[in-house]
Chemist: 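Before I ask anything, here is the structure I am working with.
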Amino acid sequence: MTGSADLKPHLARSHVMDLMRQMLRIRRFEEKCIELYATERIRGFLHVYIGEEAVAVGALPTLTPDDAVVATYREHGQALIRGVPMNAIMAEMYGKQEGCSGGRGGSMHIFDVAHRFYGGNAIVGGGLPLAVGMALADKMCNRRRVTACFFGDGAVAEGEFHESLNLAAVWKLPILFVCENNLYAMGTALELTESETDLHLKAQSYRISSVAVDGMDVVAVEAAARRATAAIRAGEGPQFLECRTYRFRAHSAFDPELYRSKTEVEEWKKRGPIERFGAWAEANAILHPTDFAALEQEVAAEIEAAVAFAESGNWEPVETLTRGVYAEVAP
Amino acid sequence: MTGSADLKPHLARSHVMDLMRQMLRIRRFEEKCIELYATERIRGFLHVYIGEEAVAVGALPTLTPDDAVVATYREHGQALIRGVPMNAIMAEMYGKQEGCSGGRGGSMHIFDVAHRFYGGNAIVGGGLPLAVGMALADKMCNRRRVTACFFGDGAVAEGEFHESLNLAAVWKLPILFVCENNLYAMGTALELTESETDLHLKAQSYRISSVAVDGMDVVAVEAAARRATAAIRAGEGPQFLECRTYRFRAHSAFDPELYRSKTEVEEWKKRGPIERFGAWAEANAILHPTDFAALEQEVAAEIEAAVAFAESGNWEPVETLTRGVYAEVAP
Amino acid sequence: MTRPPVETRIRTSYREAIRAAIFEAMLEDERVFLMGEDVGRYGGCYAVSKGLLAEFGPERIRDTPLSESAFVGAGIGAAIVGMRPIVEIMTVNFSLLALDQIVNNAATLLHMSGGQISVPLVIRMATGAGRQVAAQHSHSLEGWYAHIPGLKVLAPATLEDARGMLGTALRDPNPVLIFEHVLLYNMEGEIAADAGAVEIGKAAIRRPGRDVTLIAYGGTLHKTLLAAEILAKEGIDAEVVDLRTLRPLDTATLLESIGRTHHAVVVDEGWRSGSLSAEVAARLAEEGFWSLDAPIGRVCSVEVPIPYPRHLEEAALPQPARIVAAAQAVMRR
Amino acid sequence: MTRPPVETRIRTSYREAIRAAIFEAMLEDERVFLMGEDVGRYGGCYAVSKGLLAEFGPERIRDTPLSESAFVGAGIGAAIVGMRPIVEIMTVNFSLLALDQIVNNAATLLHMSGGQISVPLVIRMATGAGRQVAAQHSHSLEGWYAHIPGLKVLAPATLEDARGMLGTALRDPNPVLIFEHVLLYNMEGEIAADAGAVEIGKAAIRRPGRDVTLIAYGGTLHKTLLAAEILAKEGIDAEVVDLRTLRPLDTATLLESIGRTHHAVVVDEGWRSGSLSAEVAARLAEEGFWSLDAPIGRVCSVEVPIPYPRHLEEAALPQPARIVAAAQAVMRR
Ligand SMILES: Cc1ncc(C[n+]2csc(CCOP(=O)(O)OP(=O)(O)O)c2C)c(N)n1
Ligand SMILES: Cc1ncc(C[n+]2csc(CCOP(=O)(O)OP(=O)(O)O)c2C)c(N)n1
Ligand SMILES: [Mg+2]
Ligand SMILES: [Mg+2]
């Protein structure tokens, strides 16, 4: 595994098992969502994280419960790993009252303040300024927290990316930018839209220290994220992590995938984060076939329970439609 | 003079005289505007270019009549050097019908399509996308033109700067970005607002070739601009010129200048573009005291005529107020 | 109205009609090009531009980065120096990022330059809710754009208008915004095989009636027509007016209609307060006051960010039942 | 109304009143900070924050780069995790660059999160024309913001409101936008030395009258009061209502007033079509129809980008003479 050399010592069986479990939780959850979309239990836009699991699984456990996360519309994975209960996420996908956002948000707007999970933003680039402000508040209050902000390669072209990186750097804010570079923004390849496709270099032009890692390698991501969050906690200001990854499925349910070849997708699938990590763990006799089976079973049970929970959830009555437009009491 | 070594041969007396004349035209014009503002002939916002003359005078003559210019609200100097008649500019400052924008725009909105001068944009950063589109059209039509886009150091923080540079670079457009870095955006010093204050490096993060020049040295600006426009014409794509300069006067008539010291201003004044170039020309016996006197007289006459022209101009009748909201015929 | 014989009519969809209009414009005028996110290789997020890349190549079917402000501004810049760009903003939701360019450049350059510079630009975007895509993706902000002098704003609601408005917009020397309701793309029907440019600037009476004037546009037109059918069964003969052009508003047609019906209901998917329906109602109250026998009714979106679940989304948006109820209410006394 | 004794009144200006409100809020609550372009070292582009940097330091009087979207978004981010930011956008003209953050984040986070996240943020900005700063710097777009559910929108027109609205806004758990008309900053007068927070959400009758209700807000209030004086001399007793809060609109006070006067004129510096005046007129036409004895009049900006020359700018904006004429017109028949 790339970059895993210096981390081997930490790769205890329990940790390997945990990484595997978390990646599987995302993978199987997303697969179930696709199924549920086909049967119209889930509606609206659905963006799944299949192929990119190593990013969330590698990066998020380096945060503490006090830290915060801001994500995009492709955020089920982050939410799951952050600890938002799968039941609440699934109910949200259904639009049920028991969803983590009360059913109001759906797939693109997963929120859970108890887990300091601040969405779920469906405007590309729109989460970055928000994360900057959260980090600013922490800095002004001398709170030793990190705000991790996830966004795609597409967001890099937006003006808000530029403004946010600059602000974070000028003000030396405790923020971790995580760029999920899956090479495409919907159907447009990065190389057609960025003059500099080595995205982590962009961060350096703001004097933000940055690194690019193999986003298909959960151990590499974890190592890099750990270094980055440690630097932030040490007061070194914002850090930028470019995770080079790939989306195995269509952008959303409406995407006919005309813009890339099947071969390209297949090539990347060979590097699948679960597949490779699993093979490595097995080859090194850290995990055994029975472990995989047990994990799959455990995950399947969790998903089944989540579906049951969502199915049995309630629709908000129409009478409360105008709820949640204005807050009544100061937070 | 910095950077003038390789250009000495071209510094014929007539060229030196011309550079001097043009810088004086701007300086004296702006001084007159300040006077006219005090007597309320000119109203609204007035931003003068005193101290920064070398930028427009050095950069613009490297363009041909076919090329185009997009500027900011601090654009009198560019307009003058581009060849917009001083009469029409002054009448515009008065808001008279005879003004180059029919009096509708005033100081911040000088337009003259005959001279391919496309404003006069008062939204910081707002001219950059426009210039990108003009260059795109030229490229699509295989026209060998350059679009020169002027903007201040303050514009660099705007998202539109980032989006525009990237577009220009991805599409390899024939555009010259001229950053007039006078170290302040209104009252906010560059070092407080940019994590990377070496602005020309930012252009490089888009793979745009860039250079920083002493913007107080008209010969250095000219040399750099000549190289840049030549590169653009040779098909090398966008070029970026950072001109390091200084604004000797307040940002606008409303600015109490609390944010910088008199000493700082005085230090910069010693490097005044007219002052230094004049001293150099005299020391090298290229220009003589009588030349300066003659130039001053010539410029004074032109300004006097412009004021007379503006004074005797007409106010647009109120009856035509709603003119110019919609065009009637296709251009 | 004389219709062309049946054999010259073809079956098409709203989506295909727009594509045909783009296709035709690209063929006719080499200054025309299409630019926006995913218009090329992806085929357009609503598949409007599917196939055009193969036909016209990547220079003229130009995929852009996610840089709404810059590529809209670039469209303006290209327009002022001779091109005829069609800029596609995926949806009105993202147009907020380009608003400065539209309001402060596209709409003002002609005026600020004393008439020297015109901006023959067409900006297309999808608008509206109804697909359960929640609060950030369900805006109906065309009314905002209709507030801005210097812009023209169109809302094609029929196949003919989807086919015809683009060509007319491209021939207009001013910036023209075209709002395509997301729920209309799949609408199918027949149009004349030689359908082409249509007049803009005039409202159209889509259903004549004597008792009440129902005023709608874009996505709500069809709900309003449905409501009119229901009303007809209850003995109320509703006239349905399609605004078609949101700026400038064709007040004359509206006044004429209420001059006959003496009752008006305005239907608008925008949130009620400050939506386009307010302007329509205000004009009727100013200029049609003496024609009105009852207060004006409005059926708009409920003032809440659009929620994800279907039943709540449906409740938030104008529906035939609410239109019927509003018409009955204004007829009641 | 019992007024405090004369000796406790102080002379102040609109600018100073706002500064005093900021000052007080900063002292009272350490979660409050001011952030924006040139608020610190420059002293604020309208000198509102002059002196505050020396008092509170650069952390709490925070100069920002020219990055409207990011610093407004940062204000939202800071607000949702416990701060009480006051974000200053120099003028409404530049707020277009931050509109996405305001509409898609500030206004929707509470709803999208199912009520978990509230955004106790105050955004102040200057608005309006009258200083000959031409088309790009003269917008009056507060009506746009008043369209958005989730936002509250205030327009202080008096010294008391300039002094008092900010404090109330900061105590509100929702995003509140405060629009300060550029021509009011120099307005001087006396207010109670202990003036403080004022109620928001209610319109105020600034001049009682029997014949016609003139409805205005912000910068046009004073022109409207002038018009009322002129009308008084001509025997028309005008009531002048100051909207104060543009969202939510206090319709009740308006209906009450026209219930007495039976005539209404709405004055608004926004361009007529689709301005806030349209919503006001629409509500009166819906809910006050039977009170009205004549069509509603509107006095708005002429639909042209604001021109630079004084005489043209004056002609484009609402002026007392036009308000008088409109009032006379609605009274005439
Ligand atoms: C401002 C904005 N423009 C356009 C869209 C439509 N859109 C949704 S996702 C997407 C692609 C984003 O790509 P990227 O940032 O790389 O994220 P990915 O989907 O690859 O995870 C686009 C264009 C949007 N949501 N917001
Ligand atoms: C988008 C925007 N924000 C704020 C302003 C107000 N403003 C006008 S000029 C200026 C400073 C710009 O500085 P810079 O770009 O360095 O140009 P300079 O004035 O120094 O030539 C500011 C903040 C504006 N016009 N546009
Ligand atoms: Mg991507
Ligand atoms: Mg500057």
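Below, read A as the first sequence line, B as the second, and so on, with proteins coming before strands; counting in each chain starts at 1.
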Chemist: Of C:T213, C:D293, C:D211, which is the lone residue that meets side-chain hydrogen bond (donor to acceptor under 3.5 Å, both in side chains) with C:T261?
Modeler: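 Passing option: C:T213.
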Chemist: Tell me whether C:S257 contacts the main-chain N or O of C:L254 through its side chain, where contact means a donor paired with an acceptor under 3.5 Å.
Modeler: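 Answer holds: no.
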Chemist: Between C:S95 and C:Y145, is there a side-chain donor-acceptor contact under 3.5 Å, judged purely by atom types and distance?
Modeler: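 Yes, a side-chain donor-acceptor pair sits under 3.5 Å.
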Chemist: Working to the nearest 0.5 Å, report the span between CD of D:E269 and CD1 of D:I306.
Modeler: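 D:E269 atom CD to D:I306 atom CD1 measures 7.0 Å (nearest 0.5 Å).
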Chemist: Among C:S273, C:A107, C:G288, C:S277, which residue forms the greatest number of heavy-atom pairs with chain D at distances under 4.5 Å?
Modeler: C:S273
Chemist: With only heavy atoms counted, which part of C:P248 is less than 4.5 Å from chain D, the side chain, the backbone, both or neither?
Modeler: neither
Chemist: Without swapping roles, check the side chain of D:S138 against the backbone of D:A135 for a donor-acceptor pair under 3.5 Å.
Modeler: no
Chemist: Can you tell me which of C:G150, C:A146, C:A285, C:A98 forms the most heavy-atom pairs within a distance under 4.5 Å of chain D?
Modeler: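 Most pairs with chain D among the choices: C:A285.
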Chemist: Quick check: C:W290 with C:H262 (ring centres under 6.0 Å apart)?
Modeler: no
Chemist: Top residue by heavy-atom pair count (under 4.5 Å) with chain D, among C:V304, C:I102, C:N105?
Modeler: C:V304
Chemist: Between C:P305, C:P307, C:S275, which residue shows the highest count of heavy-atom pairs closer than 4.5 Å to chain D?
Modeler: C:P305
Chemist: Taking atom CD1 of D:I296 and atom CZ of D:R283, what is their separation to the nearest 0.5 Å?
Modeler: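 Between atom CD1 of D:I296 and atom CZ of D:R283 there are 12.5 Å.
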Chemist: What part of D:A134 is in contact with chain C, defined as an atom under 4.5 angstrom from a non-hydrogen atom: side chain, backbone, both or neither?
Modeler: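 Contact with chain C: none, neither part.
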Chemist: Mind checking whether D:F94 and D:H137 have parallel, tilted or perpendicular rings, split at 30° and 60°?
Modeler: perpendicular
Chemist: Sort out for me which of D:L284, D:L249, D:I148 touches chain C most, counting heavy-atom pairs under 4.5 Å.
Modeler: D:I148
Chemist: Heavy-atom distances under 4.5 Å only: say whether C:L276 touches chain D with side chain, backbone, both or neither.
Modeler: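 Neither part.
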Chemist: Using a cut-off of under 4.5 Å on heavy-atom pairs, state which of D:L110, D:V266, D:D100, D:L141 scores highest against chain C.
Modeler: D:D100
Chemist: So which part of D:L292 gets closer than 4.5 Å to some heavy atom of chain C, the side chain, the backbone, both or neither?
Modeler: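 It is both, since atoms from each part get that close.
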Chemist: For C:W271 and C:H139, take the angle between the two ring planes, folded into 0 to 90°, and tell me which bin it lands in: parallel under 30, tilted 30 to 60, perpendicular over 60.
Modeler: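 Perpendicular.
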Chemist: Side chain, backbone, both or neither: which part of C:R247 has an atom under 4.5 Å from a heavy atom of chain D?
Modeler: side chain
Chemist: Counting heavy-atom pairs under 4.5 Å to chain D, which of C:L97, C:L96, C:V280 comes out on top?
Modeler: C:L96
Chemist: Return the option, out of C:E286, C:E287, C:E303, with the maximum number of heavy-atom pairs under 4.5 Å with chain D.
Modeler: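 It is C:E286.
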Chemist: Counting heavy-atom pairs under 4.5 Å with chain C, which one of D:R298, D:M112, D:R272 comes out on top?
Modeler: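 Ranked by contacts with chain C, first place is D:R298.
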Chemist: Who among D:G143, D:G270, D:P149 has the most heavy-atom pairs with chain C under 4.5 Å?
Modeler: D:P149
Chemist: Side chains of C:T127 and C:E142: do they bring a donor and an acceptor to under 3.5 Å?
Modeler: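 The answer is yes; a qualifying pair exists.
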